[in-house]
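All ligand and atom numbering here is 1-based and tracks the order in the structure. Keep in mind that what you see is a predicted model, and the values were worked out from it rather than measured. When reading the values below, keep in mind they use all heavy atoms of this one structure, side chains included, and skip hydrogens, waters and symmetry mates.
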Amino acid sequence: ANDDGRRSVSPILINLAMSIAAYFLTVRLIPGIKDMFIKANLYGVDMNKTSGEKVPEALGVVTGCVFLVTLFLFIPIPFTNYLFSDTNFPHNEFMEFLAALLSICCMLLLGFADDVLDLRWRHKLLLPTIASLPLLMVYYINFNSTLIIVPKPLRPWFGFSVDLWMFYYLYMGMLAVFCTNAINILAGINGLEVGQSLVISASILLFNVIELSGDLWKAHQFSLYFMLPYIATSLALFKFNWYPAQVFVGDTFCYLSGMTFAVVGIIGHFSETILLFFIPQIINFLYSVPQLFHFIPCPRHRLPKYNKETDKLDISTTVFNKKDIGIIGKLITWVFRKLRIVKWQEDKEGTVTCNNLTLINFMLIKTGPMKESTLTSTLLLIQVASSVLAFIIRYPLVAIFYET
Ligand code: UD1
Ligand code: MG
């Protein structure tokens, strides 16, 4: 091992041990703390149950705090070799670590503010952009590499590499916005928000472990430090958020998760691979575009509709008059109908009943009504299947486009 003795597994093992402790701490903390949330008026009503009970909401703030505390305690560990000899302290690595924590911490605060204050849509786009600024600054100072390698088939036109310059920073800022919101809008049934985040983080973990033997091991080791405690604390939350949910995760959790993924992707130089693990979220986002940009009306909640008699969930709909939607809305819905990806009913007066455009409802169109837990499991299986696809794209297929 002449590439320096610091390529050791002991910090990872210590991190793993701390993460296991964090899991047990969170599992004990959540039931103890959840009544405090109800007292503080932080609760929601589960719309897919008959009981109408108050369910504590924004428990993501608890897992987020444990996650951050675990990492705060872990900070000195990877640097112990340098702490007692004052030479060559890797200030740039240390700075990355701190900036990553700052961005995540900032997002946790902003996400919690969203849960408490119920912010508007435009804030949901602004907040992650602001929270990613410290990170982009560090990226600028440490790497400032905005070159991308052009895929082989395109090289006759673009050459070997292209400098994206400030557009690369724009892309990284947008990545944070996308990751945070994409998880938040694939939501509304018990266990789905945490479940999908767990599949994504497990995929990132696997990818890091594979790459640990490669040249960029340092970046992947860095990502592992964040993924292990993230998975541990989220697993604890999953236990309580699974059907029937005792707690809701809140936007706090969705923001925290998205930001954590964006942070490791940016600092670890694998932000393109991160997007591969978001295939269902990308599909859900694209499908949602007509409602997100109000080309057709978007109700406050788009989650599936509960049927008391059958105890099953069916599609939820949005109702509007055909002459009230603009030209873009007309065009997109025409295309969607031609592709047969919407359930569309129209009466003589032009009143349209259309399903809310989410992947969850789309699934229900294809399968018919389902029990809530079955629906969550099905969607999580799709998430796993797309991660398998992501690995196929990342490894065998990439070899066609790049020399590896
Ligand atoms: C996003 C979605 C919205 C969806 C909501 C569900 C978009 C643009 N927004 O809004 O369509 O309805 O998430 O989280 O797609 N809830 C349940 N069961 C669950 C989880 C949540 O009934 O398993 C309900 C509870 O009433 C809870 C509320 O959803 O209080 C939380 O919604 P919130 O996270 O505030 O909604 P948004 O993220 O704004
Ligand atoms: Mg939400």
Where ligand 1 meets N190 - atom numbers and elements under 4.0 angstrom, heavy-atom basis: 18 (N), 19 (C), 23 (O)

Residue pairs meeting ring-ring contact (aromatic ring centres under 6.0 Å, His included), one or both in residues 313-370, sequence neighbours left out, come to Y287-F336, Y287-F362

Under 3.5 Å between some N or O of ligand 1 and some N or O of A187? no

Below 30° counts as parallel, above 60° as perpendicular, anything between as tilted: where do the rings of F207 and Y395 land? tilted

Tell me the contacting part of N241 for ligand 1: side chain, backbone, both, or neither, using a 4.0 Å heavy-atom threshold, strictly below. neither

Starting from atom 6 (C) of ligand 1, which protein heavy atom do you reach first, and at what distance in Å? G188 CA, 3.5 Å

Using a strict cut-off of 4.0 Å, indicate which atoms of ligand 1 neighbour a heavy atom of V45. 22 (O), 25 (C), 26 (O)

Taking only distance into account, with no hydrogens and no angle test, what donor-acceptor pairs under 3.5 Å do side-chain atoms of residues 177-196 form with protein atoms, sequence neighbours excluded?
unit_1, atom_1, unit_2, atom_2, d
T180, OG1, A176, O, 2.8
T180, OG1, V177, O, 2.9
N181, ND2, K124, O, 3.2
N181, ND2, V177, O, 3.0
N190, OD1, K49, NZ, 2.9
N190, OD1, A245, N, 3.0
N190, ND2, D46, OD2, 3.3
N190, ND2, E372, OE2, 3.2
Q196, OE1, Q281, NE2, 2.4
Q196, NE2, L186, O, 2.7
Q196, NE2, L192, O, 3.4

Hydrogens and angles aside, do Y230 and S257 bring a side-chain donor and acceptor to less than 3.5 Å of each other? yes

Nearest non-hydrogen contact to atom 8 (C) of ligand 1 from the set L303, D115, L292 belongs to L292

Is a side-chain donor-acceptor pair under 3.5 Å present for R302 with S288? yes

What residue and heavy atom of the protein are closest to atom 2 (C) of ligand 1, and at what distance? N184 O, 4.2 Å

Contacts of the Mg ion (ligand 2) with protein N/O/S atoms, counting only those under 2.8 Å: N184 OD1, D251 OD1

Quick one: do the Y306 and D311 side chains pair a donor with an acceptor below 3.5 Å? yes

Nearest protein heavy-atom contact for atom 34 (O) of ligand 1: which residue, which atom, what distance? D251 OD1, 2.9 Å

Which option, E57, Q291, K54, owns the non-hydrogen atom nearest atom 27 (C) of ligand 1? E57

May I ask you to check whether F94 and Y82 place their ring centers less than 6.0 Å from one another? no

Does only the side chain of Y43 get under 4.0 Å from ligand 1, or the backbone, or both, or neither? Count heavy atoms. neither

Between F226 and F222, ring centroids under 6.0 Å: yes

What is the nearest protein non-hydrogen atom to atom 9 (N) of ligand 1, stated with its residue, atom name and distance? I185 CG2, 4.2 Å

Mind telling me whether F285 and F293 have parallel, tilted or perpendicular rings, with 30° and 60° as the class edges? perpendicular

Residue pairs, two or more places apart or on separate chains, that pass side-chain hydrogen bond (donor to acceptor under 3.5 Å, both in side chains) and touch residues 91-113: E93-K218, E96-N142

G44 neighbourhood, listing ligand 1 atoms whose heavy-atom distance to it stays under 4.0 Å: 30 (O)

Ring-face cation of K152 near F401 (centre distance under 6.0 Å, axis angle within 45°): no

Tell me, which protein residue and heavy-atom name are nearest atom 11 (O) of ligand 1, and how many Å apart are they? R302 N, 2.8 Å

Tell me whether N88 at atom CG has more than 12 heavy atoms from other residues, nucleotides or ligands lying less than 6.0 Å away. no

Atom 24 (C) of ligand 1: the protein heavy-atom neighbour that sits closest, reported with distance to 0.1 Å: M47 CE, 3.6 Å

Could you tell me which atoms of ligand 1, counted from 1 in the order shown, lie closer than 4.0 angstrom to a heavy atom of K124? 39 (O)

Given H301, K49, R300, which one has a non-hydrogen atom that is nearest to atom 35 (O) of ligand 1? R300

Under a 3.5 Å threshold, yes or no: a donor from one side chain and an acceptor from the other, between E349 and N321? no

Please determine if D118 has a nitrogen or oxygen closer than 3.5 Å to a nitrogen or oxygen of ligand 1. no

For F277 and F391, take the angle between the two ring planes, folded into 0 to 90°, and tell me which bin it lands in: parallel under 30, tilted 30 to 60, perpendicular over 60. tilted

